[in-house]
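Working notes, beginning with the structure itself.
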2 protein chains.
Amino acid sequence: MNDTDTGFVVMAWRELLARHAEVSCALERELSDKHGLGVSEFEVLERLVEGQSLCTEPDTVKFRVQELAGQVHLSQSALSRLIARLEREGLVARALCEADRRGVFVHVTEEGRRRHAEATPTHRAVLSAHLFPHLVNAGYAPPVSDEASRPA
Amino acid sequence: MNDTDTGFVVMAWRELLARHAEVSCALERELSDKHGLGVSEFEVLERLVEGQSLCTEPDTVKFRVQELAGQVHLSQSALSRLIARLEREGLVARALCEADRRGVFVHVTEEGRRRHAEATPTHRAVLSAHLFPHLVNAGYAPPVSDEASRPA
DNA sequence: ATGCATTCAATGCACAAGCAATTAATGCGT
DNA sequence: ACGCATTAATTGCTTGTGCATTGAATGCAT
């Protein structure tokens with residue numbers, strides 16, 4: 001592990017930081033402004049909708065809080081409160097798990113599915129514009145207000 | 001922009017999120033535990049040291065708060081408080097800029113340089129281990145406690 | 001059956017971050 | 001020279017997050 005390698009690793013890390021900051025910041029603004037959803041909120045909603053879509057019965061596939069926490073890279077406590085926020089807005093619901101009554105099952109509501117569906121185009125557009133700008137500029141660009149890159 | 005493209009973009013985004021979470025979380029733990037520094041604090045310190053090393057005179061190269069904010073992807077208010085924290089610990093110092101007395105110049109102190117030098121091996125080791133594990137396992141692995149990947 | 005360690009989710013607490021408002025200094029136009 | 005918009009940095013406030021703790025439920029050993 002010599003000095004050249006080290007410099008390379010640091011460059012890669014800074015690149016990763018820059019990309020993450022740019023995209024997540026833009027996403028945060030767009031999702032928040034247009035749909036009243038934070039990035040993490042959207043991400044959780046998406047996992048729930050994805051899980052749901054795997055099943056024919058509505059409100060059948062449910063997630064434990066911990067599963068979701070791992071998927072969206074949040075602590076269990078953060079997820080607990082995030083679920084509470086989504087529940088307050090009526091986008092998800094908690095259900096007792098009678099098999100293991102410590103656990104709580106979370107599932108998306110109709111309203112939640114609707115909000116997610118509304119926000120998805122925005123989400124995809126921001127992602128495309130910021131992760132693959134060359135593809136977006138190649139003709140079929142979804143309209144995305146730019147200048148929403150930096151925190152301040 | 002068809003459905004396959006969309007799925008690809010989302011996959012790329014999740015990949016980016018996962019990598020960022022893994023590395024920054026591990027970094028946070030290691031730097032905090034071993035050196036009492038947060039990731040952002042280290043990052044700022046590093047920019048200051050880098051800038052300083054470009055100049056022969058010590059305490060000559062100085063940065064405005066805003067420049068640093070851009071480099072580490074933080075808002076200027078966040079940077080202002082971060083600088084305040086580092087200053088409280090004696091790692092950096094503020095200096096009035098007599099050319100434009102609105103501006104504040106920030107420079108690293110001896111102590112700050114020392115702390116940065118101490119923390120750098122840890123920083124590099126975590127980066128190598130998590131960004132390029134295949135290279136690290138190829139022989140010259142710096143010692144990095146693993147299990148420090150997830151927030152909770 | 002009882003006790004004890006373990007696990008799941010929720011909560012108290014501390015802290016970092018962003019936004020908006022504030023203060024101070026600058027520059028520009030008239 | 002005087003106002004007025006602009007820019008730099010700080011500060012009040014709110015919010016989201018992680019860690020540690022708590023409370024409840026489970027499983028296991030004795």
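Here is how names work: the chains are called A, B, and so on, in the same order as the sequence lines, proteins then strands, and each is numbered from 1.
B/Trp13 pairs in a side chain to side chain contact (heavy atoms under 4.5 Å, CB included) with only one of the listed residues (A/Glu43, A/Arg19, A/Arg124), which is A/Glu43.
When rounded to the nearest whole Å, the span between CZ of A/Phe63 and P of C/dA9 equals 13 Å. For the pair A/Glu43 CD and D/dG16 P, the computed distance is 16 Å after rounding to whole Å. D/dA9 atom P lies 17 Å from atom CZ of B/Arg85, rounded to whole Å. Rounded to whole Å, atom P of D/dG16 lies 12 Å from atom CG of A/Leu37. The CG-P distance, from B/Leu68 to C/dA17, rounds to 14 Å in whole Å. One interatomic measurement links the two molecules: CD of B/Glu28 to C1' of D/dT17, which rounds to 11 Å at whole-angstrom precision. One atom, CG of B/Leu79, and another, C1' of C/dC19, lie 16 Å apart when rounded to the nearest Å. With rounding to whole Å, B/His20 atom NE2 is found 13 Å from D/dT17 atom P.
Residues passing the ring pair (Phe, Tyr, Trp, His ring centres under 6.0 Å) test with B/Phe42 are B/His116, B/His123, sequence neighbours excluded.
A close approach under 4.0 Å does not occur between any side-chain nitrogen or oxygen of B/Arg81 and OP1 or OP2 of D/dG12. Within the structure, a side-chain polar atom (N or O) of A/Arg94 is placed less than 4.0 Å from OP1 or OP2 of C/dA10. Applying the 4.0 Å criterion to OP1 and OP2 of C/dA17, one finds that B/Ser40 has a side-chain N or O inside that range.
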Name each donor-acceptor pair under 3.5 Å that joins a side chain in residues 86-99 of chain A to protein atoms two or more places apart or in another chain, with its distance.
unit_1	atom_1	unit_2	atom_2	d
A/Glu87	OE1	A/Arg94	NE	3.0
A/Glu87	OE2	A/Arg94	N	3.4
A/Glu89	OE1	A/Arg115	NH2	3.4

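Here B/Arg64 lies in heavy-atom contact (under 4.0 Å) with sugar-phosphate atoms only.
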Q | Derivation and outcome, salt bridge (Lys or Arg N to Asp or Glu O under 4.0 Å), residues A/Arg14 and B/Glu50 | A | CA-CA 14 Å; A/Arg14 292 190 182 179; B/Glu50 278 175 5; 2.8 Å; yes
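A pairwise comparison of heavy atoms in B/Val39 and B/Glu28 identifies CG2-OE1, 3.1 Å as the closest pair.
For A/Ser75, taking side-chain heavy atoms from C-beta onward, the closest of the listed nucleotides D/dA9, D/dG18, D/dG16 is D/dG18.
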With 3.5 Å as the limit, what N/O pairs link the protein to nucleotides 21-29 of chain D?
unit_1	atom_1	unit_2	atom_2	d
D/dT26	OP1	A/Arg101	N	3.2

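Within 3.5 Å, a donor on the side chain of A/Ser77 pairs with an acceptor on the base of D/dC19, or the reverse.
In summary, A/Arg114 and A/Glu118 engage in a salt bridge, as defined by a charged side-chain N under 4.0 Å from a carboxylate O.
Without hydrogens or angle criteria, A/Glu67 side chain to A/Arg64 main chain gives a donor-acceptor distance under 3.5 Å.
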